[in-house]
There are 2 protein chains.
Amino acid sequence: MAGARLDPIDRKILAELQADGRMTNVELAKRVGISAPPCLRRVRTLEDAGLIKGYHADVDARELGFEVQVFAMVGLASQAESDLSAFEERCRAWPLVRECHMLNGEVDFILKCVAPDLSSFQSFLTGHLLTTPNVASVKTSLVIRGAKDDPGVPFDVLEARLQTSA
Amino acid sequence: MAGARLDPIDRKILAELQADGRMTNVELAKRVGISAPPCLRRVRTLEDAGLIKGYHADVDARELGFEVQVFAMVGLASQAESDLSAFEERCRAWPLVRECHMLNGEVDFILKCVAPDLSSFQSFLTGHLLTTPNVASVKTSLVIRGAKDDPGVPFDVLEARLQTSA
DNA sequence: GGTGAAACTTGGGACAG
DNA sequence: CTGTCCCAAGTTTCACC
């Protein structure tokens, strides 16, 4: 299983840094139960291995003026690989599109978008998304309210799994 | 407009910490063009005001053994406020559900879920999600591949807006 | 907003199990 | 290849202007 080559200390480090990415190394070392230098070496190794892809401040989008969050389900006319990647490339270039995932089923992509207000989202929709070549259908759903938005991964599930498979 | 009470230095701080949340305060101060102590004061103020909600390491879910990512569209039988919040409360308790957003339109909620593999997602689906009271319909879509997953907010859009409205 | 100084943290080197 | 101990350089964070 993936993740099994990490020892319990590495997993604890990842869990702690996922919960608080600005913790100092000495605090982190204390929490995972080793001294600071090996702890820092482990963090660097995890970063270099790509297990830690980065650190980000979690900014309040609404307070900053992004009042609108929208999910858009996009269907393409052609699902040839070159057309799929062309659409993905477009999504990467649009700043209002924060996430783009290719899905199975009737819809090809789901996009998570933010915008300062409804009208700027509408102008993105009609002016950019709906006019890109090969886009056959777009269904949008406004987020009325957010109930949960946890970044990352549930480490407790991982630990439980490793336990029962041991 | 919200976000307007922040001066350009505050916005730069937020943008920098969103891009690299582990940057040292002196590096941050250098980038935003002030000295370290006032920079730290601003960061603390932004944290206390809730504009910075936290800092998180971005961990590679796949490498850690969470191979499966699924979007679930959930419709409820009753949309009374107490039933909506009861469902939200359930979602908060499920570790596999990372995000839960209430939507407008035909579907009531969209859930973003992760799981170690398809079978553990299926057992969550049949054993928990589909059996919770008031859940009328669930449509799931597997993520085939991720094309973009940027955390946070597009600060360049914000700056452009503030510029034209000035 | 800046300065200086004390306390703390980082991250390297030497070394033990 | 782990870990611990120690130390210099750099960072945080205070009081004060």
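Within every chain, numbering begins at 1; the chains are lettered A, B, ... in the order of the sequence lines, protein sequences first and strands thereafter. Just so you know, these numbers use all the heavy atoms, side chains as well, and skip hydrogens, waters and symmetry mates.
Of the charged side-chain nitrogens involved, at least one lies within less than 4.0 Å of a carboxylate oxygen, so that A:Asp117 and B:Arg161 count as a salt-bridged pair. Salt bridge status for A:Glu106 with B:Lys139: present, with a side-chain N to carboxylate O gap under 4.0 Å. Look at B:Arg5 and A:Glu63 and you find a salt bridge, because one of the NZ, NE, NH1 or NH2 atoms lies within 4.0 Å of a carboxylate O, short of that distance.
In terms of modelled atom types and a separation under 3.5 Å, the side chain of B:Glu88 and the main chain of B:Cys100 share no donor-acceptor contact. Looking at A:Arg98, its side chain never comes within 3.5 Å of a backbone N or O of A:Cys113 through a donor-acceptor pair. Of the possible polar contacts, one joining the B:Asn25 side chain to the B:Ala36 backbone as a donor-acceptor pair under 3.5 Å is found. At least one donor-acceptor pair closer than 3.5 Å links the side chain of B:Lys148 to the backbone N or O of A:Arg92. Under the 3.5 Å distance criterion, the side-chain polar atoms of A:Gln18 are matched with a main-chain donor or acceptor of A:Val153.
Taking atom CD on A:Glu27 and atom P on C:dT10, their separation rounds to 10 Å, with Å as the unit. Note: CD (A:Glu47) to C1' (C:dG11) measures 13 Å, nearest angstrom. As a whole-Å value, the separation of B:Leu40 CG from C:dC8 P is 16 Å. Atoms CG (B:Asn25) and P (C:dC8) sit 18 Å apart, rounded to a whole Å.
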Point to revise | Worked verdict on B:Ser141 versus B:Val70 for side-chain contact (heavy atoms from CB on, under 4.5 Å) | key: CA-CA 6 Å; B:Ser141 285; B:Val70 185; 5.8 Å; no
Practice item. List the steps, then state whether side-chain contact (heavy atoms from CB on, under 4.5 Å) holds for B:Leu6 with B:Leu51. Key: CA-CA 10 Å; B:Leu6 298 167; B:Leu51 264 120; 3.7 Å; yes
Check your understanding: Would A:Arg22 and B:Glu47 satisfy salt bridge (charged side-chain N to carboxylate O under 4.0 Å, His left out), going step by step from the backbone distance to the final call?
Key -> CA-CA 12 Å; A:Arg22 266 214 132 188; B:Glu47 287 169 356; 5.2 Å; no
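A search for side chain to side chain contact (heavy atoms under 4.5 Å, CB included) contacts involving B:Ala77 returns B:Asn134, B:Ala136, not counting sequence neighbours.
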Every protein N/O lying under 3.5 Å from an N/O of nucleotides 2-4 of chain C:
unit_1 : atom_1 : unit_2  : atom_2 : d
C:dG2  : OP2    : B:Ser35 : N      : 3.0
C:dG2  : OP2    : B:Ser35 : OG     : 2.9
C:dG2  : O6     : B:Arg41 : NH1    : 3.3
C:dG2  : O6     : B:Arg41 : NH2    : 3.3

List, with names and distances, any nitrogen or oxygen atoms from the protein found under 3.5 Å away from nitrogen or oxygen atoms belonging to nucleotides 15-17 of chain C.
none

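With the end axes of the helix from C:dG1-D:dC17 to C:dG17-D:dC1 each set by five pairs, the angle from one to the other reads 30° at 10° resolution.
When only modelled atom types and interatomic distance are considered, A:Ser85 and A:Glu81 share a side-chain donor-acceptor pair under 3.5 Å. Side-chain contact annotation: B:Thr45 with B:Asp48, donor-acceptor N/O pair under 3.5 Å absent.
Looking at B:Val143, B:Thr140, B:Leu142 one by one, the single match for side chain to side chain contact (heavy atoms under 4.5 Å, CB included) with A:Leu103 turns out to be B:Val143.
Bracketed by its first and final contacts, the part of DNA chain D lying under 4.0 Å from non-hydrogen atoms of chain B reaches from D:dT11 to D:dC14 in 5' to 3' order.
For the contact set between residues 51-58 of chain A and DNA chain D, defined by any heavy atom under 4.0 Å, there are no members.
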